Engineer: 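I have a structure here, written as structure tokens, and I will follow up with some questions on it.
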Amino acid sequence: MVCGLLAGCLGQTQTGDQARNADAKEITLTIVANAAVGGKNARGANWIQNWVIPKFTEMQKAKGVTATIKFEQNGTGDEDFKTKVALDLKTGGGGDIVEIDGIWLGEFAQAGQIKPLDEVVGDTGWDGWNQIPKAVQGLGEFDGKRYGVPMGTDGRVLFFNKKLFAQAGLPADWQPRSWQDVLDAGAKLKGVPGVTPIQLNGGSAMGEATTMQGVLPALVGTGKPIYDNGKWQGDSAQLKDVLGLYQKIYGGGLGDPVLQQEANGRQRSFTLFSENRIGILLESDYFWRSVVEPKNGVAKMADRDAAVGWALVPAQRPKAGVGGQDFVSMSGGGVRVINPNTQYPRQAWEFMQFLNSAEAVKESLAGTAQLTQRQDVNDQVLGGDPMLSFIAEEVLPITRYRPGLADYPKVSAALQQATADVVSGRSPDDVAKAYREALVKAVGEQNVG
């Protein structure tokens, strides 16, 4: 993700003056990105330096506005960049537009470092909203308020090996409608020699991959997300059902418990899938475009286009998912927010719209096929890729996002440990009790549902 922030001559200013400097004929904005030409997020850095700056400057000139756009490059770790952004915002400085990881949004909002978009700029009417699915817009929302505009995103599905499915007597157009359907397919795959039927990331060694490609998709499939109504989900019936799913997979011989404990277990699972030794794997579209991609993937599959199938992640039962959904998913991505301290709120909003325009978003891809926040751009650039088109058309409208709160990493770690305990043979009830105790210790009894 390209993380950046547009900075003007910012200082301690009173927020709420949405029209200040609205008629300025000379403006100076600095774009600070966690990107560097020839370094980290180079594609984004090139886009900012070689296309965004000259194009926006030209547009302003045509309106009689002299815009000076500066680009301060960085190439640091995400957490270091987050610390820098937080310090800038806390001290009343920073940038006009800040690109942050969506997982940070709630934390910045709760700290009062960012404000709802309409409080900063006033009218947020924009035709671009119609091109961003409402579920994707949720990436830029917190506590029911809109703080920013989502950037690129992704989506999670069940990938499956069609060759192994054929051997097991399963259909090439497989689409499970419940967890039991997945388990039943796994049972059939178990009859194919040398094959691990199901890979559902579990354990602490897998890190965040366990949470995003395992626990959270399953939880939203029960109808209750990990964070709801101001509380973190504790040892609920839904959490126990998720742990029970892990028990059925890893205690029932449908998954490889040892793989979940390996330091490079996720990478190993990619290799095994590419070698036709894993039947079903829950992953994001990253798996398709960067892992088993035939030419440049980290676990190349020369016959990917013919051998790899995909299906929506089913809810526990039909209509049991969040919002009464039959199918569910989880997504990640970045968000652009506007600094409450900006000297140029109206211009910042104009720049925000430009950065998220169809023309700019398409240009940012530099010719690559990748999901964006905009449906119209996806329609243009994904037409030749049926899998990514499936994500854009079928997954993004139903997806959900992680709660962007400071406590989330601690909750995620507790969930990873809970799955590790089940994979190693402990009962879901005992593990759920231990998970709740760890959760209370991490976030406080008052914050656990």
Side-chain angles (χ1 to χ4, degrees), residues 156-161 164-165 168 170 174-222 226 237-262 265-273 276-284 287 309-317 320-321 327-330 415-432 434-435:
R156 279 144 188 82
V157 298
L158 292 174
F159 289 97
F160 60 93
N161 187 304
L164 298 179
F165 266 49
L170 292 164
W174 181 66
Q175 177 54 72
R177 297 192 61 83
S178 67
W179 291 359
Q180 190 59 50
D181 285 352
V182 178
L183 296 170
D184 289 346
K188 289 189 175 183
L189 286 163
K190 194 175 180 181
V192 181
V195 170
T196 297
I198 300 172
Q199 170 59 27
L200 183 67
N201 290 347
S204 300
M206 292 271 185
E208 187 63 15
T210 287
T211 318
M212 274 296 274
Q213 275 88 247
V215 181
L216 296 187
L219 268 179
V220 294
T222 68
I226 187 62
Q238 291 86 351
L239 188 277
K240 290 178 182 178
D241 284 348
V242 171
L243 296 178
L245 176 63
Y246 273 89
Q247 183 187 51
K248 289 174 182 177
I249 291 173
Y250 292 104
L254 300 180
D256 181 357
V258 176
L259 184 63
Q260 313 315 305
Q261 301 170 40
E262 294 182 6
R266 189 181 183 212
Q267 179 62 43
R268 177 74 174 140
S269 73
F270 294 161
T271 301
L272 291 170
F273 188 99
N276 306 309
R277 294 166 61 190
I278 284 180
I280 302 168
L281 180 148
L282 199 163
E283 259 295 342
S284 78
F287 180 76
W310 52 87
L312 293 168
V313 178
Q316 185 176 16
R317 295 174 301 277
F327 304 103
V328 295
S329 189
M330 291 295 298
L415 291 170
Q416 293 162 32
Q417 184 59 51
T419 62
D421 291 343
V422 172
V423 168
S424 66
R426 293 182 62 189
S427 75
D429 284 348
D430 288 347
V431 171
Y435 163 73

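All of these numbers come straight from a predicted model, not from anything done at the bench. Residue numbers count from 1 along this sequence.
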Engineer: If you look at every heavy atom in I280 and A185, which pair is closest and at what distance?
Structural biologist: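 That closest heavy-atom pairing would be CD1-CB, 4.1 Å.
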Engineer: With sequence neighbours excluded, tell me which residues meet side chain to side chain donor-acceptor pair (under 3.5 Å) with D184.
Structural biologist: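 Scan of D184 (side chain to side chain donor-acceptor pair (under 3.5 Å), adjacent residues dropped) gives Q180.
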Engineer: Side chain to side chain contact (heavy atoms under 4.5 Å, CB included) with V215: which of T210, L200, I226?
Structural biologist: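 Testing each of T210, L200, I226 against V215, the sole residue satisfying side chain to side chain contact (heavy atoms under 4.5 Å, CB included) is T210.
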Engineer: Going by the salt bridge (charged side-chain N to carboxylate O under 4.0 Å, His left out) test, which pairs reach into residues 192-210, not counting sequence neighbours?
Structural biologist: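 Found E208-R402.
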Engineer: Determine whether the aromatic ring centres of residues F160 and F165 are separated by less than 6.0 angstrom.
Structural biologist: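 Yes, ring centres under 6.0 Å apart.
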Engineer: Please find the pair of heavy atoms, one from Y250 and one from D256, that lie closest to each other, and give the distance.
Structural biologist: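 Looking at all heavy atoms of both residues, the closest pair is CE2-N, 3.5 Å.
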Engineer: State which residues pass ring pair (Phe, Tyr, Trp, His ring centres under 6.0 Å) with F270; sequence neighbours excluded, sorted by chain then number.
Structural biologist: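 Counting only residues at least two positions away or on another chain, F270 forms a ring pair (Phe, Tyr, Trp, His ring centres under 6.0 Å) with F287.
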Engineer: Shortest non-hydrogen contact from W174 to A311?
Structural biologist: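 Of all heavy-atom pairs spanning W174 and A311, the closest is O-CB, 3.5 Å.
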Engineer: Test your reading of the model: is there a side-chain donor-acceptor pair from R156 to the backbone of Q213, 3.5 Å cut-off?
Structural biologist: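 No; judged by distance alone, with no hydrogens or angles, the pair does not exist.
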Engineer: Could you list the residues that satisfy side chain to side chain donor-acceptor pair (under 3.5 Å) with T211, not counting sequence neighbours?
Structural biologist: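 By the side chain to side chain donor-acceptor pair (under 3.5 Å) rule, T211 matches S412, Q416.
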Engineer: Partners of V192 by side chain to side chain contact (heavy atoms under 4.5 Å, CB included), sequence neighbours excluded?
Structural biologist: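 V192 satisfies side chain to side chain contact (heavy atoms under 4.5 Å, CB included) with L164, Q167, A168, V195 only.
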Engineer: Check whether any side-chain heavy atom of V242 sits under 4.5 Å from a side-chain heavy atom of Q238, and report yes or no.
Structural biologist: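 Side-chain contact under 4.5 Å: no.
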Engineer: Sequence neighbours left out, what passes salt bridge (Lys or Arg N to Asp or Glu O under 4.0 Å) with R268? Give chain and number order.
Structural biologist: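 Partners of R268 under the salt bridge (Lys or Arg N to Asp or Glu O under 4.0 Å) test: none.
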Engineer: Quick one: pull up CG in L245 and OG1 in T222 and give me the separation to the nearest 0.5 Å.
Structural biologist: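 One gets 11.0 Å once the value is rounded to the nearest 0.5 Å.
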Engineer: Could I get the full list of side chain to side chain contact (heavy atoms under 4.5 Å, CB included) partners for P314, not counting sequence neighbours?
Structural biologist: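 Here the qualifying residues are L158, P176, V182, F327.
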Engineer: Please collect all side chain to side chain donor-acceptor pair (under 3.5 Å) contacts where either partner lies in residues 186-203, sequence neighbours excluded, each pair once.
Structural biologist: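 Only Q199-N201, Q199-Q260 qualify under side chain to side chain donor-acceptor pair (under 3.5 Å).
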Engineer: Check side chain to side chain contact (heavy atoms under 4.5 Å, CB included) between R317 and all other residues, then give those that pass, not counting sequence neighbours.
Structural biologist: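 Side chain to side chain contact (heavy atoms under 4.5 Å, CB included) list for R317, sorted by chain: A320.
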Engineer: Identify the two heavy atoms, one from Y246 and one from V423, that lie closest to each other, and give their separation to 0.1 Å.
Structural biologist: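 Shortest heavy-atom contact: CD2-CG2, 4.4 Å.
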Engineer: Rounded to the nearest 0.5 Å, what separation is found between the CG atom of L183 and the CD1 atom of I198?
Structural biologist: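 Answer for the CG-CD1 pair, L183 versus I198, is 5.5 Å.
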Engineer: Work out which heavy atom in S269 is nearest to a heavy atom in R266; give both atom names and the distance.
Structural biologist: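 That closest heavy-atom pairing would be OG-O, 2.6 Å.
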Engineer: Quick one: list whatever passes salt bridge (Lys or Arg N to Asp or Glu O under 4.0 Å) with D421, sequence neighbours left out.
Structural biologist: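 Per chain and number, D421 pairs via salt bridge (Lys or Arg N to Asp or Glu O under 4.0 Å) with R426.
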Engineer: So, taking the atom named CG in L216 and the one named CG in L415, what distance separates them when rounded to the nearest 0.5 Å?
Structural biologist: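 Those atoms lie 6.5 Å apart.
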Engineer: Looking at residues at least two apart in the chain, or sitting in another chain, which of them share a side chain to side chain donor-acceptor pair (under 3.5 Å) with S427?
Structural biologist: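 S427 satisfies side chain to side chain donor-acceptor pair (under 3.5 Å) with D430 once adjacent residues are dropped.
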Engineer: So for atom NZ, which belongs to K240, do other residues, nucleotides or ligands contribute more than 12 heavy atoms lying within a distance under 6.0 Å?
Structural biologist: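 Yes, NZ of K240 has more than 12 neighbouring heavy atoms, counting only those of other groups under 6.0 Å.
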Engineer: Out of V220, D241, L219, V328, which one pairs with Q316 under the side chain to side chain contact (heavy atoms under 4.5 Å, CB included) rule?
Structural biologist: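 Among V220, D241, L219, V328, the one meeting side chain to side chain contact (heavy atoms under 4.5 Å, CB included) with Q316 is D241.
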Engineer: Looking at every heavy atom in both A420 and S204, which two are closest together, and how far apart are they?
Structural biologist: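 Between these two residues, the closest heavy atoms are CB-N, 4.0 Å.
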Engineer: Only counting residues at least two apart or in another chain, list the ones meeting side chain to side chain contact (heavy atoms under 4.5 Å, CB included) with Q261.
Structural biologist: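 Applying side chain to side chain contact (heavy atoms under 4.5 Å, CB included) to Q261 gives none.
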